[in-house]
**Q** 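Submitted below is the structure of interest, expressed as structure tokens.
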There are 2 protein chains.
Amino acid sequence: MADTKTFHHGDLKRVLFSAAMKLLDQHGAGGVTIRAVARAAGVSHGAPVNHYKDRRALLTAIARHQFELIRTRIDRALEKAGNDPKIRARVFAEILMDFGFEFPHRYQLLWRSDLIDHEDPHLLTIMDAVYDQLCEEIAAIPSRVKIDKDTIAVSLWSMVHGYVDMRLSGMFVPLNDELSGQPRREAMLDLFFSTLN
Amino acid sequence: MADTKTFHHGDLKRVLFSAAMKLLDQHGAGGVTIRAVARAAGVSHGAPVNHYKDRRALLTAIARHQFELIRTRIDRALEKAGNDPKIRARVFAEILMDFGFEFPHRYQLLWRSDLIDHEDPHLLTIMDAVYDQLCEEIAAIPSRVKIDKDTIAVSLWSMVHGYVDMRLSGMFVPLNDELSGQPRREAMLDLFFSTLN
DNA sequence: TAGTCAATATAGACACTGTCAATATCGCAG
DNA sequence: CTGCGATATTGACAGTGTCTATATTGACTA
């Protein structure tokens, strides 16, 4: 008896959300305007304010949802990943890259601090959860050399994010992203994990 | 007799450019509107079109200029960097990070393909030049293992960009970015270059 | 010197945008 | 049936980018 299915429209909040997602995937964050979302949902331009305080709130909700989706994907992949912590840490990287190339506009939104609220508690929580999960796997890697675990985690995530982000901006594309059949991303991860021996 | 110092205002193009830079540094790319730039330059909102076709053209010009500044900084730093190619490649990373943290809004603009034209020939040229310079240093590193040079270059730049970009979005800040006095960025670079032995 | 003309600047319009305030409507509690 | 809170509509306001028509400037030419 809490929230769903009441009042005028039905469940406008959900409709607004999915309309916004569609606009995001199609036209990027710039296409997700309050008014366009309202149009797509078939309501007036003033209606959304009852469910999302402003544009930033709507986009922040979407970002939160994406991180939850990422975590779900990671969890599912880890179930089938065996026990080698190096392979498990690598799964993390693969999932993030897959997500970035599959949903470029969603991925780019995640880091747009001018559009979303990175102080949002829900968002902070889920981001921390993903980061902590990575750290757990990293910590389980047996390593001869003593390297700070956070440094490894930050390095890996940085490399992954940097690669996806730059590729989505059109960089490294002239490099063809292929070398002798193996995607470059695999070669990068090979290189990274070879460090940890 | 070519371009500078003519007509009505004097050299409005330069004035527009530096007004835009000031707005960028102060308020981010979102604050760089054609009309705000025109206001800051003391001309009407329609004046800029004579010098920059549209907002995208103005921002692209700024991006181009920033990459040229980065290349200049790299060149200068390389002059004092000695002959060890590993140190020279590292200089590249240090300069990029310095620039990113010194001018966060300028740095973020460089990768906003919704705001600037990454197909612009001038921009492509200067970006390629910076990348090629990195590759040269990488190629000079003697390595036991045979690793594709582009993979190393892409990995390094990706890690550097990813770290700066995520930090500027507020991530990794709770980690304090310090570990035992040494900045994390140095630890990351240590880790990266330890791979190439 | 007078006149022409391209380069440059202005002013106004149009269609957008986010956000706010006033108003209207719905559906449930009493 | 009566409220009343939650929700939706409408209109307004100040912005924005970009286009068009108009005005001004300065240099070159006859």
Side-chain angles (χ1 to χ4, degrees), chain A residues 1-20 22-24 26-63 105 109 112-117 120, chain B residues 1-20 22-24 26-63 105 109 112-117 120:
Chain A
M1 50 65 201
D3 44 14
T4 59
K5 193 67 84 40
T6 41
F7 47 91
H8 301 165
H9 174 107
D11 54 351
L12 181 54
K13 185 161 189 170
R14 240 179 295 273
V15 174
L16 290 172
F17 187 90
S18 67
K22 192 176 224 167
L23 286 169
L24 175 60
Q26 287 177 336
H27 306 108
V32 185
T33 71
I34 291 289
R35 293 171 106 105
V37 170
R39 269 193 301 271
V43 293
S44 75
H45 68 268
V49 78
N50 296 301
H51 306 279
Y52 297 99
K53 166 174 150 286
D54 52 18
R55 191 165 101 105
R56 170 176 290 259
L58 171 59
L59 293 173
T60 302
I62 291 181
H105 291 129
L109 174 66
R112 288 291 301 278
S113 47
D114 55 330
L115 292 184
I116 74 176
D117 178 15
D120 176 82
Chain B
M1 45 59 206
D3 43 14
T4 59
K5 194 68 82 41
T6 40
F7 47 87
H8 300 164
H9 175 106
D11 53 351
L12 180 54
K13 185 161 190 170
R14 241 179 292 271
V15 174
L16 290 172
F17 186 90
S18 66
K22 192 177 225 166
L23 285 169
L24 175 60
Q26 287 176 338
H27 306 107
V32 185
T33 70
I34 290 289
R35 293 171 105 105
V37 169
R39 270 193 302 272
V43 293
S44 74
H45 68 268
V49 79
N50 297 301
H51 305 280
Y52 298 100
K53 166 173 151 287
D54 53 17
R55 190 164 102 104
R56 169 176 291 260
L58 171 60
L59 293 173
T60 302
I62 291 180
H105 291 129
L109 173 66
R112 288 291 301 279
S113 46
D114 55 331
L115 293 183
I116 74 176
D117 178 15
D120 176 81

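Convention: sequence-line order gives letters A, B, ...; per-chain numbering from 1. Worth knowing before you read on, the calculation uses all heavy atoms, side chains too, and leaves out hydrogens, waters and symmetry mates. These figures come from a predicted structure and were not determined experimentally.
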**Q** Just jot down the side-chain contact (heavy atoms from CB on, under 4.5 Å) partners of B:Ala20, sequence neighbours excluded, or say none.
**A**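 With sequence neighbours excluded, B:Ala20 shows a side-chain contact (heavy atoms from CB on, under 4.5 Å) to B:Val32, B:Val37, B:Leu58, B:Ile62, given in chain and number order.
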
**Q** Return the value, rounded to whole Å, for the distance between atom CG of B:Asn50 and atom P of D:dT20.
**A**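 Value for this atom pair: 14 Å.
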
**Q** Return a single string for nucleotides 12-23 of chain C, one symbol per nucleotide in 5' to 3' order, where B is base contact, S is sugar-phosphate-only contact and - is none, cutoff 4.0 angstrom on heavy atoms.
**A** BB---BBB----

**Q** Can you name the ring pair (Phe, Tyr, Trp, His ring centres under 6.0 Å) partners of B:Tyr52, sequence neighbours left out?
**A**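 If we apply the ring pair (Phe, Tyr, Trp, His ring centres under 6.0 Å) test to B:Tyr52, skipping adjacent residues, there are no hits.
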
**Q** According to salt bridge (charged side-chain N to carboxylate O under 4.0 Å, His left out), who are the partners of B:Asp117, at least two apart in sequence or on a separate chain?
**A**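 B:Asp117 satisfies salt bridge (charged side-chain N to carboxylate O under 4.0 Å, His left out) with no other residue.
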
**Q** CG of B:Leu23 versus P of D:dG17: gap in Å, rounded?
**A**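 Roughly 11 Å, once rounded to whole Å.
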
**Q** Nearest whole angstrom, please: distance from the C1' of D:dG17 to the CG of B:Leu59.
**A**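 After rounding, the gap between these two atoms is 12 Å.
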
**Q** Take atom CG of A:Leu12 and atom C1' of D:dA8, then tell me their distance rounded to the nearest Å.
**A**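 In whole Å, D:dA8 C1' and A:Leu12 CG are 9 Å from each other.
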
**Q** With side chains defined as the heavy atoms from C-beta onward, is the minimum distance between A:Asn50 and A:Lys13 less than 4.5 Å?
**A**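 No. Closest side-chain heavy atoms not under 4.5 Å.
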
**Q** From OH of A:Tyr52 over to P of D:dT7, roughly how many Å is that when rounded to an integer?
**A**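 The answer, rounded to whole Å, is 13 Å.
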
**Q** What pairs with A:Arg112 under salt bridge (charged side-chain N to carboxylate O under 4.0 Å, His left out), at least two apart in sequence or on another chain?
**A**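 Once residues adjacent in sequence are excluded, the partners of A:Arg112 under the salt bridge (charged side-chain N to carboxylate O under 4.0 Å, His left out) criterion are A:Asp114, B:Asp114.
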
**Q** Sequence neighbours excluded, which residues qualify as side-chain contact (heavy atoms from CB on, under 4.5 Å) partners of A:His45?
**A**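 Residues passing side-chain contact (heavy atoms from CB on, under 4.5 Å) with A:His45: A:Arg35.
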
**Q** Grab the CG-C1' distance between B:Leu115 and D:dG17 for me, whole Å please.
**A**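 Computing the B:Leu115:CG to D:dG17:C1' distance gives 13 Å.
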
**Q** Using whole Å, what does the distance between atom P of nucleotide D:dT7 and atom CG of A:Leu16 come to?
**A**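 So the two atoms are 12 Å apart, to the nearest Å.
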
**Q** Starting at atom CG of B:Leu58, determine the distance to atom P of D:dG17, rounded to an integer number of angstrom.
**A**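 Roughly 10 Å, once rounded to whole Å.
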
